[in-house]
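I have placed the structure first, in the form of structure tokens, so that the comments after it can refer back to it.
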Amino acid sequence: MTDSVDLNADMGESFGPWVMGDDIALLDIVTSANIACGLHAGDPDVMARTVQTAAARGVGIGAHPGFADLQGFGRQRMALSADSLGNLIRYQLGAAQAMARAAGVEVRHLKLHGAMANMASENREMALDCYRAALSVAPDIIVMVLAGTAQEAAVRELGCRAACEIFADRAYNDDATLVDRALPGAVIHDPDRAAGRIVEMVRAGAIITESGKTIPARIDTICLHGDTAEAVDIARTTRAALEAAGIAVSKFPGGSL
């Protein structure tokens, strides 16, 4: 069992007058923030505010690139060439770096969003294309990956800095990928259930799937999605449960796997 774990949340996903999630409340709970880069969600003003607020709280700054899919919130699968996909990553990471440097901090990590992340968790070559593009811009960046998937295989091959992630509010398939959101039970809304399963997984050092299968996994960070109504309650309850179990909550160091 690990004695320390990071908590991360996707945020900065509001756009103009449209508000998504309670980022301010989450930033008082999490230790890392994955900030939307303006293509699947967010806009320049939202990015700037979110980065500034996270920096003021000492929360680790992460770029959260996704497909250019505002209407679908980045959750619609798209077929792009390797070159176009790489440029999409570079474009968004560059925007995040600009906002971070303006706030006097640096982008610490990168985490893929939505359909892009799900596709890369199934396809090692796609994951390699994404991560090589990011590393071409920021060679020392920590790549946050879905534990036990093709994403993890890709960072092992690249030898880059990495952090392995599990999800508090998502159900798992037996191959360590996430259950499709279209299926019943894919998203967990009960804070106590989310917290209990996370403590169980961290203690076991493993992902526990919907069928009860145990998949041994390195667990560096736990994702708490910011776009559900229960997000803040899940985050607060999960952090309290981890600390009650003697598991410290702090930013992941990042290192090769």
Side-chain angles (χ1 to χ4, degrees), residues 2 4-10 30-37 40 60-67 74 77 80 82-94 96-97 100 106-168 170 172-178 201-202 205-207 209 215-225 250-257:
T2 182
S4 177
V5 72
D6 173 81
L7 295 181
N8 77 81
D10 304 342
V30 301
T31 45
S32 294
N34 318 309
I35 299 172
C37 301
H40 79 272
I61 307 295
H64 194 38
F67 288 130
R77 294 192 174 216
L80 301 178
D83 285 346
S84 291
L85 180 62
N87 287 331
L88 198 68
I89 297 292
R90 294 183 186 97
Y91 181 89
Q92 294 178 80
L93 176 52
Q97 287 177 316
E106 291 290 331
V107 173
R108 187 168 184 267
H109 71 275
L110 175 133
K111 173 185 169 179
L112 303 181
H113 169 80
M116 183 185 286
N118 290 334
M119 293 168 71
S121 75
E122 302 160 3
N123 185 324
R124 183 179 60 85
E125 289 303 319
M126 180 178 173
L128 285 168
D129 289 338
C130 291
Y131 300 151
R132 283 178 178 139
L135 293 166
S136 74
V137 174
D140 294 325
I141 201 164
I142 302 167
V143 179
M144 190 183 292
V145 299
L146 274 68
T149 71
Q151 291 186 15
E152 182 177 338
V155 295
R156 286 184 183 278
E157 180 174 335
L158 292 169
C160 61
R161 299 176 74 196
C164 293
E165 173 189 53
I166 63 170
F167 287 77
R170 293 296 309 279
Y172 279 93
N173 296 308
D174 282 350
D175 62 356
T177 60
L178 300 175
M201 288 191 207
V202 173
I207 292 166
T209 72
I215 304 170
R218 171 170 156 169
I219 301 172
D220 299 306
T221 185
I222 296 160
C223 178
L224 309 156
H225 280 101
S250 61
K251 284 186 283 192
F252 52 76
S256 58
L257 304 184

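Any value given below was found using the heavy atoms of this structure, including those in side chains, with hydrogens, waters and symmetry copies removed.
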Give a yes or no answer on whether the side chain of [X] reaches the backbone of [Y] with a donor-acceptor pair at less than 3.5 Å.
X      : Y      : answer
Asp175 : Thr177 : yes
Asp10  : Asn34  : no
Gln151 : Leu146 : yes
Gln92  : Leu88  : yes
Thr31  : Leu7   : yes

In Å and rounded to the nearest 0.5 Å, what is the [atom1] to [atom2] distance from [X] to [Y]?
X      : Y      : atom1 : atom2 : answer
Met126 : Ser121 : CE    : OG    : 9.5 Å
Thr209 : Leu178 : OG1   : CG    : 12.0 Å
Met144 : Glu165 : CE    : CD    : 5.5 Å
Leu257 : Arg218 : CG    : CZ    : 4.5 Å

Decide yes or no for [X] and [Y]: does some side-chain heavy atom of the first lie under 4.5 Å from some side-chain heavy atom of the second?
X      : Y      : value
Leu135 : Ile141 : yes
Tyr131 : Val145 : yes
Ile207 : Ile219 : no
Cys223 : Arg170 : no
Leu110 : Pro65  : yes

Exactly one of Asn8, Ile222, Leu224, Thr221 should register a side chain to side chain contact (heavy atoms under 4.5 Å, CB included) with Val30. Which one does?
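Option passing the side chain to side chain contact (heavy atoms under 4.5 Å, CB included) with Val30: Leu224.
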Partners passing side chain to side chain donor-acceptor pair (under 3.5 Å) against Arg90 (at least two apart in sequence or in another chain):
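For Arg90 the side chain to side chain donor-acceptor pair (under 3.5 Å) partners, ignoring immediate neighbours, are Asn87, Ser136.
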Mind checking side chain to side chain donor-acceptor pair (under 3.5 Å) for Arg161 and listing every partner two or more places apart, or none if nothing turns up?
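Once residues adjacent in sequence are excluded, Arg161 has no partner under the side chain to side chain donor-acceptor pair (under 3.5 Å) criterion.
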Going by the rule ring-ring contact (aromatic ring centres under 6.0 Å, His included), which residues pair with His113 if we only count those two or more places apart in sequence or in a different chain?
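His40, His64, Phe73.
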For [X] and [Y], which heavy atoms make the closest approach, and how far apart are they?
X      : Y      : answer
Leu93  : Ala134 : CD2-O, 3.6 Å
Arg124 : Ala153 : CD-CB, 4.1 Å
Tyr172 : Phe167 : OH-N, 2.9 Å
Ala127 : Ala154 : CB-CB, 3.7 Å
Met119 : Phe67  : SD-CE1, 3.8 Å
Pro253 : Ile142 : O-CD1, 3.7 Å

Verdict with supporting geometry, Asp220 and Asp6, side chain to side chain contact (heavy atoms under 4.5 Å, CB included):
CA-CA 6 Å; Asp220 299 306; Asp6 173 81; 6.0 Å; no
